[in-house]
Each structure stands twice: as C-alpha cells, then as structure tokens.
Amino acid sequence: MSVNIVWFRRDLRLSDNPALYSATQNGKPIIPLFILDENTNSAGAAFKWRLGLSLESLSLDLQRYNSKLILRKGPPLNVLKELKSILGDINIFWNRLYDEASINRDTEIKSYFQSREVSVTSTEGMLLHSPWKTQTNSGTHYKVFTPFWRAISKQEVKQALPKPDKLVKPSKWPDSDDLKDWNLEKEIGRGKEYLIEKVNVGEKGARVGLETFLGKRLGNYAQARDRVDLTESSNLSENLAYGEISAREIWHSVIDQKDVEFNDKEMFIRQLAWRDFAWYLSYFSPHIIHSNWKAEWDNFPWRENEDELKSWKRGLTGQPIVDAGMREMYITGRMHNRVRMIAASYLTKHLLMDWRLGLKWFEECLIDWDPASNAMGWQWVAGSGPDASPFFRVFNPELQAKKFDPEGKYQMKYLGPSSLDTHDSKIFYKMAPKSWNINEKSRPSTSIVDLKFGRDRALNSYSKFKKIIADL
DNA sequence: TGTGTCTTGAT
DNA sequence: TCAAGACAC
C-alpha cells in the first residue's frame with residue numbers, strides 16, 4: 001500500500017490545511033514532512049529562530065495524533081527521491097506557494113514525479129483566493145489595490161477545513177533529523193532569551209491570539225488601527241508568516257462576529273486582502289521581490305552612506321518615532337505597521353537610501369517576515385512599486401508621531417523618558433551586540449538629517465531623476 | 001496609507 | 001487667530 005507524504009512549508013498547522021486534509025481522505029498512512037532547504041536556510045536570523053519554535057509546536061501537535069513530523073535537510077527533490085526509495089509507493093501533497101523560487105522548485109518536483117506515476121496533489125491553503133482567479137475585465141492582472149479589493153470582495157472565501165480526525169501511522173517511520181541539530185537559533189545570538197517573551201507560537205497560540213483580538217480589539221479596529229500607542233493590531237502576522245493559522249479561518253471568524261460594526265470588520269479584512277495582493281503581485285510580477293517593480297527606477301541615484309545606514313538600523317537616527325520603531329523591531333521581532341512606513345520613508349526619502357537596504361534589515365529582524373508583503377511595502381514607500389505613492393509623498397516623522405502617538409507613549413516605551421530607562425529600553429541595550437558599542441548616551445538628540453533639508457533633497461533628486469528618465 | 005502653503009470664513 | 005479645504009509638488 002502506498003503512503004501519503006504531506007510536505008509542510010509555510011502552513012505549519014493541522015486545521016484548514018487542504019494538503020493534509022486531502023491526504024487523509026483515502027485512509028492511507030500519513031507521513032508529515034518538513035524540509036530545510038537552501039531557500040529557508042538563507043532566511044533572516046529572527047525568522048529561522050522563530051521557525052524552530054513553530055516546528056517544535058507542530059511536532060507536539062502531531063504527537064497527540066500518534067503521528068510525528070519528519071525533518072529532513074537538503075534539496076527537496078533529493079529528499080523526496082530518497083524517501084520514495086525507502087518507502088516504496090508514495091503520493092505527495094502540498095499547499096502551493098507563490099514566489100518564483102518556490103514555484104520553479106515545485107514545478108520541477110511535480111513533473112519529475114508525475115512522469116514516474118507518483119501522484120502529486122497541490123492545493124490552495126495560503127491565500128484567501130488563488131491569484132489566477134482574479135483578473136481585470138481586459139484579462140490582465142490588477143496593479144492597484146483598490147480595484148483588486150473590489151474584485152475579490154465579490155468572490156466567496158472557501159470555508160475552513162476541519163482538523164483531521166485521525167492520522168493513520170505508517171508501518172515504519174523514515175528517519176528524521178533532530179531539530180536541535182539544525183541549530184536554527186545560532187544567528188539570533190543573545191537576543192533569544194528576550195524575544196521568547198514576546199512571541200506567540202503555534203496553532204494553539206494563534207487561535208488564542210485570534211480570539212483575544214475578536215473579543216477585545218476588533219470592535220475598535222477602524223478607529224484605532226493606526227494608533228501606535230494602542231494595542232489594537234491583531235498581531236496575527238507572526239502566525240500567518242508560518243501558516244500557524246489560515247487567512248481563510250481568520251476571514252470567516254471576523255465576518256461571523258455579530259456584535260461588531262461592518263466598518264471595523266471591513267477595515268481588518270482589507271489587511272488580509274493586502275497580504276493576498278502582495279502574493280498576487282509576486283505571482284504575476286515575480287521580480288517585485290528583489291528588483292524595482294518599475295524598471296526605470298534602476299537608474300535612481302540612491303545615496304550610499306554606511307554610517308547613516310548603521311544609525312538607522314540601530315535606532316540612532318535621533319528621530320524618536322523612527323528609533324522607537326527600530327528598537328521595537330529589534331526586541332520584539334515586530335513593528336507596528338504605521339511605524340514601518342514611517343521608518344521606511346525616513347530611510348528612502350530623508351536619507352535617500354535604496355529600499356533594498358532597509359528590506360534586508362527587516363528580513364534579518366522580523367519574526368513575521370513575509371517576502372511578498374515586505375517587498376510590496378518597501379516599494380510602495382520608495383515609489384518604485386505598483387500602486388506606489390508618488391515620490392513626493394514624504395512622511396514627516398514628527399507630524400506622524402503627533403498624529404499616531406499623541407502622548408508619546410510608544411516612543412517613551414522604547415526610548416525611555418529623557419533620564420529614565422523603561423523595561424523595553426533597557427532590554428534593547430542588553431540585546432544589542434557588543435560590537436555596536438552603544439549605551440543610553442549613544443542616541444543623538446536631534447535627527448541626523450534635518451527634516452526640511454532631507455525632504456527637499458529627496459524631492460530635488462526625484463525631479464532630476466524624472467527629467468533624466470524623460471530624456472532617455 | 002502625504003505635506004506645506006495658501007485661501008476662506010468663523011470667531 | 002485658527003480650523004478646514006483646495007491645491008501643487
């Protein structure tokens with residue numbers, strides 16, 4: 001009898017997991033598998049560390065089913081070939097991913113096995129809607145969010161699938177690596193003992209997080225989501241990044257809330273749609289992940305300044321809201337979305353540096369790292385992306401702080417009031433690598449670039465750039 | 001999901 | 001004197 005291999009990737013959950021669900025339908029033994037491939041192994045320090053926790057949690061959940069997660073390292077095609085040689089007849093199941101590297105890898109694997117009469121089933125488990133289901137009337141793909149949003153709002157979101165009742169064991173388990181040997185925490189350094197207090201791990205953690213959000217915060221979401229000093233965000237991005245909960249389940253749970261105003265629900269659902277839109281863009285224009293979405297931006301004259309980049313990364317720009325955000329990211333692995341935009345604008349406009357430098361640092365630090373959302377977000381701010389803000393939209397960090405952190409509570413939390421340290425400001429100095437050589441006195445008292453000067457310089461560069469492009 | 005500046009009209 | 005809106009960048 002053949003066995004069903006369920007290859008887990010960014011879907012580390014048992015509920016609403018279409019690959020797992022399909023695999024259980026024919027009653028055959030199930031082998032849950034996770035492969036550490038080069039793609040995953042080259043991810044940022046925070047992501048890898050957090051991935052280890054997620055794998056640990058999934059393993060435990062599977063143990064409750066008398067099942068186990070098989071861990072393997074290496075190129076997935078080789079791993080699967082080897083498993084086939086050990087197990088004999090296999091069927092393979094996975095949920096689709098939508099970045100170019102994954103698509104190419106999966107396509108190769110699928111054609112290899114299908115030509116050898118191994119059944120490969122790929123299912124939609126990641127997004128609200130498969131990208132190819134949404135097209136403009138003229139048959140192209142959307143490039144602007146609002147029309148995309150209008151289009152997907154008309155589509156039905158599939159009901160979430162239940163957890164499997166049971167998982168049939170194979171007669172013999174293939175060998176598994178030991179998670180510890182992968183050493184996924186080696187690059188996070190001494191930060192992990194602090195980060196561990198801030199994370200919410202696993203399928204169960206995700207569901208508790210969702211319930212808390214629905215019960216306490218969704219009702220105030222539309223009004224307060226931009227306020228960085230309040231806790232109205234869902235904090236589910238972390239769980240979504242590893243697939244510990246599905247977007248569809250969140251969508252339905254939100255819609256089903258009877259006592260919440262439509263406006264609040266819609267504002268939140270929109271955020272899920274933004275995530276879909278990011279992967280949609282990555283599906284139809286894969287270069288968005290690494291390169292300027294608008295090719296002419298390859299000629300933009302970004303500044304290079306190692307010292308200023310360091311200051312930005314380390315929360316030492318002297319611009320309070322920016323520095324607070326960079327510290328929040330360093331010690332929690334997350335940053336309020338509004339502050340992400342402000343910090344990104346400061347780097348790409350006031351300091352006039354390439355968005356990819358900022359993206360790289362975010363990739364290093366974020367535990368909710370999502371390549372599509374981040375690429376789209378950075379290019380949106382920089383002006384090089386689709387649906388991008390025109391370059392002259394320069395966030396004024398002082399105005400933004402006044403609007404979204406009116407009493408300065410958020411800034412104070414991470415920076416400490418002038419002479420006093422807070423819990424989080426102290427943690428930052430403990431976590432910061434010794435090589436940074438920073439302490440409470442390192443932060444300049446004013447912005448390293450004058451806000452008006454930086455803004456004007458950015459606008460000038462942009463208008464010169466536009467002229468060069470026009471003459472080309 | 002922008003900001004700065006000018007105008008207008010209420011006080 | 002200032003909030004609110006229009007407009008340019």
Side-chain angles (χ1 to χ4, degrees), chain A residues 142-150 152-153 220-230 232-234 237 263-278 280-281 288 293-294 297 300-301 319-322 325 328 334-352 355 358-359 362 368 370 372-406 410 447 449-470:
Chain A
Y142 288 101
K143 293 163 193 84
V144 177
F145 178 74
T146 308
F148 170 82
W149 165 244
R150 257 184 253 125
I152 67 161
S153 298
N220 197 29
Y221 189 77
Q223 196 205 332
R225 65 178 217 93
D226 260 332
R227 282 285 294 272
V228 304
D229 54 340
L230 305 178
E232 308 300 320
S233 342
S234 73
S237 60
N263 188 29
D264 289 303
K265 293 188 200 177
E266 192 188 31
M267 197 58 88
F268 181 70
I269 293 303
R270 244 179 115 88
Q271 304 311 306
L272 287 178
W274 270 110
R275 175 175 171 275
D276 257 50
F277 188 51
Y280 177 91
L281 289 173
I288 192 174
W293 189 82
K294 293 178 188 154
W297 275 77
F300 190 82
Q319 192 64 57
I321 188 84
V322 175
E328 181 188 20
R334 295 195 297 259
M335 199 196 300
H336 191 288
N337 188 53
R338 168 59 51 180
V339 191
R340 293 186 199 207
M341 294 191 280
I342 301 170
S345 170
Y346 188 85
L347 183 74
T348 56
K349 307 288 169 82
H350 286 98
L351 296 179
L352 210 60
W355 59 270
L359 176 111
F362 273 31
D368 66 7
D370 174 310
S373 294
N374 274 280
M376 179 187 68
W378 274 96
Q379 299 217 48
W380 183 86
V381 172
S384 60
D387 201 21
S389 65
F391 192 82
F392 52 73
R393 280 188 197 156
V394 181
F395 283 78
N396 179 327
E398 276 169 5
L399 274 184
Q400 291 280 318
K402 227 180 254 169
K403 254 191 234 171
F404 301 116
D405 185 26
Y410 170 87
S447 176
V449 55
D450 177 78
L451 291 184
K452 180 162 169 27
F453 171 83
R455 179 175 196 273
D456 291 346
R457 179 174 63 187
L459 294 176
N460 283 336
S461 298
Y462 181 60
S463 56
K464 267 190 232 152
F465 164 68
K466 256 199 335 200
K467 210 173 159 299
I468 294 168
I469 296 302

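It should be emphasised that the depicted structure is a prediction, and the values quoted were computed from it without experimental measurement. All chains are named by letter (A, B, ...) in the order of the sequence lines, taking the proteins before the strands, and each is independently numbered beginning at 1.
A straight line from NZ of A:K349 to P of B:dG2 spans 10 Å, rounded to a whole angstrom. Rounding to whole angstrom units, NZ of residue A:K402 and C1' of B:dT3 are separated by 13 Å. Residue A:R455 contributes atom CZ, which lies 16 Å from atom P of C:dA8 at whole-angstrom precision. When rounded to the nearest whole Å, the span between CG of A:D456 and C1' of B:dT3 equals 11 Å. Rounded to an integer number of Å, the gap from CG of A:L459 to C1' of B:dT3 is 9 Å. In this structure, A:K452 places its NZ atom 9 Å from C1' of B:dG4, rounding to the nearest Å. The nearest whole Å value for the distance from the CE atom in A:M341 to the P atom in B:dT3 is 10 Å. Taking atom NZ on A:K466 and atom P on C:dA8, their separation rounds to 14 Å, with Å as the unit.
Shown here are the side chain to side chain contact (heavy atoms under 4.5 Å, CB included) partners of A:A372, two or more places apart in sequence or in another chain: A:A278, A:W279, A:S282, A:I289, A:D370. In this structure A:W378 satisfies the side chain to side chain donor-acceptor pair (under 3.5 Å) test with no other residue, sequence neighbours excluded.
A cation-pi arrangement is found for A:K349 relative to A:F391, the charged atom lying closer than 6.0 Å to the ring centre and inside a 45° cone about the ring normal.
Contacts with DNA chain B (heavy atom under 4.0 Å) in residues 392-400 of chain A: A:F392, A:R393, A:V394, A:F395, A:N396, A:L399, A:Q400, listed by number.
With contacts defined as side-chain heavy-atom distances shorter than 4.5 Å, the pair A:V449/A:Y346 qualifies.
The pair A:R338-A:D226 meets the salt-bridge criterion, with a side-chain N (NZ, NE, NH1 or NH2) lying under 4.0 Å from an Asp/Glu carboxylate O.
Between A:Y462 and A:F465, the ring-plane angle classifies as tilted under the 30° and 60° cut-offs.
Across all strands, A:K403 comes closer than 4.0 Å only to sugar-phosphate atoms, never to a base (heavy-atom distances).
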